[in-house]
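These notes concern the structure reproduced below.
Counting starts at 1 for both ligands and their atoms, following the listed order. This is a predicted model, so every value here is computed, not measured.
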Amino acid sequence: MPPGRPPDPAIAASMRAVRLRRRGGPEALALEQIATPSPRVGEALVRVHAAAITRDELEWPVDRLPAIPSYELSGVVAALGQGVESVAIGEPVYALLGFDRDGAAADYTAVPAALLAPKPRTLGHIESAAVPLAALSAWQGLFDHGGLREGQRVLIHGAAGGVGQFATQLAHRRGAHVLGTASRPDHDLARGFGADEVLDGAVADLAGAVEPVDLVFDTVGGERLERSPAIVRDGGRIVSVAEEPSERVSRAPIEARYFVVEPDSGQLVEIGRMLDRGELRVAIDSVFPLEDARAAFERSLATGKRGKVVLRVAGDETAA
Ligand SMILES: NC(=O)c1ccc[n+]([C@@H]2O[C@H](COP(=O)([O-])OP(=O)(O)OC[C@H]3O[C@@H](n4cnc5c(N)ncnc54)[C@H](OP(=O)(O)O)[C@@H]3O)[C@@H](O)[C@H]2O)c1
């Protein structure tokens, strides 16, 4: 606790946390008992109710091990550091955390208060936790980096995936003509999110399959990203969250870029409003208790998922 503020006796001095002990996959995770963090100046301590995970995220924190994974959460503010006035104790919140510090796969996490947004009223904690990283990636990829406008044509690789589900819905709502690639069993899911046309992810000749697009938003990488220039009009863009485009992909007259999603509570507020108005929905593939984090991370790496993988941290699952 910050100096001058007595510790809250309701908050235990130690907590459960999942930690990545060494470079590696789910086998390098351990459930440990560690000290509950104290919120510093400008931070809030959040009681985590649910935390969602993203494929490949265990590759991200290798320079600061041991590290707590999961960078998105839904929970309730439990304590405040000095100078925090934007949120109150007891307020339900959701957030994308920064990637340079411990994540949310724990009973509590200390978060800069500026990153917190009100949890969507109509969603429970499990669903809310599945939104921030994927929806902000989709929002920033389509609009901030991709410049997508009404009436344009966009191709979304992985249109039914964690990021792709939001990209498909947001592009559709923006009034774009949305094409998606997805594995065959997910074609109906992608159409349900608003894709006007769905192509098999394995289709070799994108150019022969559809008319050119203004933007490709890639969440898959590999062959699909490599084949993308053939389908983009001159002056169009390719934006990927999956991997850096190769030199071949980035050659003129197409601009290709990779970006890392940034926390943005203002965008999360707008996304929360869309969720509450029923204009966006979130697909959950599976929910695991915190103790089963290894199984959850294994699931995140699997093909054939239908939405996000979420860790249930607190026992209750309420919309309050
Ligand atoms: N740079 C950033 O800021 C940022 C932000 C968010 C995510 N990411 C990264 O972007 C990628 C997509 O994230 P996501 O949450 O959307 O993941 P996801 O749902 O697991 O995967 C997206 C799509 O990729 C294909 N896929 C699924 N599992 C796969 C696997 N094991 N190997 C290869 N392809 C697979 C599937 O498409 P098909 O069914 O069509 O094959 C799936 O719909 C991940 O690598 C993630 O780490 C980066």
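- Taking distance alone, with nitrogen or oxygen atoms compared against 3.5 Å, W60 stays at or beyond that limit from ligand 1.
- In the candidate list V241, L133, L96, L133 is nearest to atom 6 (C) of ligand 1, counting heavy atoms.
- Checking T219, I53, D56, D186 against atom 45 (O) of ligand 1, the nearest heavy atom belongs to D56.
- Q267 and D144 form a side-chain donor-acceptor contact under 3.5 Å, judged by distance and modelled atom types alone.
- Ligand 1 has A302 within reach: a non-hydrogen atom of the residue lies less than 4.0 Å from it.
- Using a 4.0 Å cut-off to heavy atoms of G161, the atoms of ligand 1 that qualify are 19 (O), 43 (O).
- The nearest heavy-atom contact from the protein to atom 3 (O) of ligand 1 is V261 N, 2.7 Å.
- Figure legend: R299 and F288 shown without cation-pi pairing, the cationic atom not lying both under 6.0 angstrom from the six-membered ring centre and within 45 degrees of its axis.
- Only side-chain heavy atoms of S137 come within less than 4.0 Å of ligand 1; its backbone N, CA, C and O stay farther off.
- Between the side chains of E279 and Q169, no donor-acceptor pair of N or O atoms lies under 3.5 Å.
- Ranking the protein heavy atoms by distance from atom 39 (O) of ligand 1 puts S183 OG, 2.6 Å first.
- Judged by distance alone, the side chains of S250 and E255 never bring a donor and an acceptor atom under 3.5 Å apart.
- Looking only at protein heavy atoms, the nearest one to atom 2 (C) of ligand 1 is F259 O, 3.6 Å.
- The nearest protein heavy atom to atom 36 (C) of ligand 1 is not closer than 4.0 Å.
- For ligand 1, the atoms lying closer than 4.0 Å to a non-hydrogen atom of T303 are 28 (N), 29 (C), 30 (C), 31 (N).
- No side-chain donor-acceptor contact under 3.5 Å links S74 and H49.
- Heavy-atom separations between A134 and ligand 1 are all 4.0 Å or longer.
- Of all the atoms in ligand 1, the ones that sit under 4.0 Å from a non-hydrogen atom of V220 are 23 (C), 24 (O).
- Residue-ligand proximity: R224 is placed with a non-hydrogen atom under 4.0 Å from ligand 1.
- Here the shortest heavy-atom distance to atom 21 (O) of ligand 1, taken over R55, R299, K305, belongs to R55.
- Listed by atom number, the atoms of ligand 1 under 4.0 Å from Y258 heavy atoms are 1 (N).
- Between F99 and W60, the ring planes lie perpendicular to each other; the angle is over 60°, past the 30° to 60° tilted range.
- Counting heavy atoms under 4.0 Å from ligand 1, residue V163 touches it through both backbone and side chain.
- No donor-acceptor contact under 3.5 angstrom links the side chains of R257 and S240, judged on distance only.
- Interface atoms of ligand 1 facing T54, defined by a heavy-atom separation under 4.0 Å, are 7 (C), 15 (O), 46 (C), 47 (O).
- Near L301, with a cut-off below 4.0 Å to any heavy atom, the atoms of ligand 1 are 31 (N).
- Between Y94 and the choices I271, L115, L123, V46, the side-chain contact (heavy atoms from CB on, under 4.5 Å) rule is met once, by I271.
- Contact annotation: for A159 versus ligand 1, there are no heavy atoms closer than 4.0 Å.
- In summary, the atoms of ligand 1 found under 4.0 Å from a heavy atom of G162, numbered by their order in the structure, are 15 (O), 16 (O), 19 (O).
- For the pair G164 and ligand 1, the shortest N or O to N or O distance does not fall below 3.5 Å.
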